[in-house]
Amino acid sequence: MAAEPPVTDCDVLICGLGPVGDLLALLLGQRGVSVVGIDAAPEPYELPRAAVVDDEVLRIYQWAGILDQILAESQVQDEVSFVPRHGRRLTLMEPDGTLQGQHGLVSIHQPTMEQTMIEAARKQSTVDLRWGVRLLDFRQENELVRARVEDESGEQRELTARWMVGADGGTSWVRQLLGIEFSGSTFRQRWLVVDVALDRPLDRVKHPHFFGDPERPVVCLPMSPGRHRWEWMVHPGEDVEPMIDPESIRRRLEPWLGEETAEVERAVVYTFHHRVAERWREGRVLLAGDAAHLTPPFAGQGFSSGARDATNLAWKLEAVLSGAPAALMDSYEAERRPHVEAMIRLAVTMGKFIQTSNSRVAVGRDLLLRTLEVTGINHWGRQRVKPLPAYGDGAFAETPAGLVFKRIVGSQFPQPEVVDTKGCRIKLDGLTGLDWTALTSEPEVADAFGSQGIRSLLAGRDFEDPDKTISDWLIDHESAWVLLRPDQFIYACGATLEEVKPATDQLRRDLGRAFPTG
Ligand SMILES: Cc1cc2nc3c(=O)[nH]c(=O)nc-3n(C[C@H](O)[C@H](O)[C@H](O)COP(=O)(O)OP(=O)(O)OC[C@H]3O[C@@H](n4cnc5c(N)ncnc54)[C@H](O)[C@@H]3O)c2cc1C
């Protein structure tokens, strides 16, 4: 018999309640995991940082049950433009969220978005969020984490947990206590970021724009309704004090404004970093979000990457708490690190591309972009700039090489609309839920999964596929079935009935006592 787990204050202690900690608390709470979340600050951070989130984050919000609230406070962005120094505007990206069944990109107000997550997390009976509580130190022993925390009155106490997640931002104290290196470098350029409340949408810039004037590159984009952001590059050695003076900001904004009335909410100079922690797990302590990785914001992927971390962690933590081998948690970094590094490379490339102050390089860049647009070559690239949600190594079944080559196993399954048994058109994830699910159009395969204790959804019986998205996907990928993880990544797929048992046998080994029971 397996030994009883130690008695602790909670299953998971989350240190840091920025957006990543908030989301993780919510997702764990939905899974019935007991969570204590602490944050050193007296209240949630009230100034905006992230300006946009992508389709993958919106799909996560759909699972978290807060998509409608988030969208009500967002603006959909169908295009990202680049304006060269001379000549007309070019389309840089057309974010396409079809794969995820969501908008490709929306602009947001981070504090409002965090508030929505916090309120939803607080509704979960197993979640306890506490602000004004700082982590001082911790130690790991006997399958638990003992954390020493201090509240605002200076009173110290111990909190015990079976796992701890450091979601405590770029300067992560958890990471420092573990002595984990944060390798990478500081991005050469500083940027002045100005957030403005507007009485109406800015007429001159209706969607995100990069202005590639080598004398002073500018990023300009709408945020949530009634808000707009400008970012001006600061030259090396330039004194920033005069730049953040209210009068100088007023002058800077003037040429952009017409009828609009603008109120500056904040102006701050950021130096961006790209860094990745050398390890994301030490025993029962994990790092997530900015604590594990930092990226310049040009691809809008800082929080979006942290949201993927939270989703990856949530189902795995629930599984290990329910008896899966603790080694499952190693797949977290194995899956997430290469994806994060790809996002950072994209952001750094975009940053270099935008912020060149060399006129000749800028002319070459503008010429290249113009040629790509005129020849139509960039039409393909515009929708596919962002790395796909697909992992190489990780918690996936061993698969024939061809399927790996085609990036089937380890990639995220699309989210088309289907028709449920009541005749309602719904998004696929509404049917699969947050659990292991096999999808097939063959009754014998569905029965085979059922006999192994795994829930299956059979086309024609459990749902209709009116647009043939799922059946076409299976045909295109030479598969008769797919087995989806709770985060909708493909754990295994196969062309035959005979391949079902080896896949479920491996899942039984991977999940141990947490193997789903149907
Ligand atoms: C200018 C700018 C633009 C950006 N634009 C985008 C964008 O468009 N899209 C995007 O996805 N991302 C963007 N980002 C990045 C995004 O804002 C961050 O990635 C995100 O806020 C990180 O969230 P987090 O929860 O990991 O960390 P944080 O938000 O930093 O939260 C960490 C929390 O930990 C707490 N904490 C620290 N130490 C302790 C301790 N010892 N005990 C207890 N609590 C502690 C802190 O008080 C804090 O609340 C941008 C960032 C900047 C600066």
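Atoms within each ligand, like the ligands themselves, are counted from 1 in listed order. Numbering starts at 1 and runs along the sequence shown. All values reported here derive from a predicted model rather than from experimental measurement.
- In Trp173, the part holding a heavy atom less than 4.0 Å from any atom of ligand 1 is the side chain.
- Close to ligand 1: Val133, with a non-hydrogen atom less than 4.0 angstrom away.
- Near Ala51, the atoms of ligand 1 lying under 4.0 angstrom from a non-hydrogen atom of the residue are 5 (N), 6 (C), 7 (C), 8 (O).
- Taking every non-hydrogen atom of Gly169 and a distance limit under 4.0 Å, the qualifying atoms of ligand 1 come out as 27 (O), 30 (O), 32 (C).
- Nearest-residue assignment for atom 26 (O) of ligand 1 (options Asp290, Thr295, Ile38; heavy-atom criterion): Asp290.
- Heavy-atom contacts of Gly289 reach the following atoms of ligand 1: 26 (O) (cutoff under 4.0 Å).
- In this comparison of Ala50, Gly16, Ala167, Ser172, the heavy atom closest to atom 32 (C) of ligand 1 sits on Ala167.
- Contacts with ligand 1 closer than 4.0 Å are made by side-chain heavy atoms of Tyr270 only, the backbone lying farther away.
- Counting only N and O atoms by type, the side chains of Thr356 and Asn358 include no donor and acceptor under 3.5 Å apart.
- Within a 6.0 Å sphere centred on CD of Glu143, other residues, nucleotides and ligands contribute 12 heavy atoms or fewer.
- The ring of Trp232 has its center no closer than 6.0 angstrom to the ring center of Phe211.
- Put simply, part of Val52 is less than 4.0 Å from ligand 1, judged by heavy atoms.
- Close approach to Pro297 involves these atoms of ligand 1, each under 4.0 Å from a residue heavy atom: 3 (C), 4 (C), 5 (N).
- Side chain of Arg336 to backbone of Ser305: a donor-acceptor contact under 3.5 angstrom is found.
- Taking a 6.0 Å sphere around CD of Glu46, one finds it holds 12 or fewer heavy atoms contributed by other residues, nucleotides or ligands.
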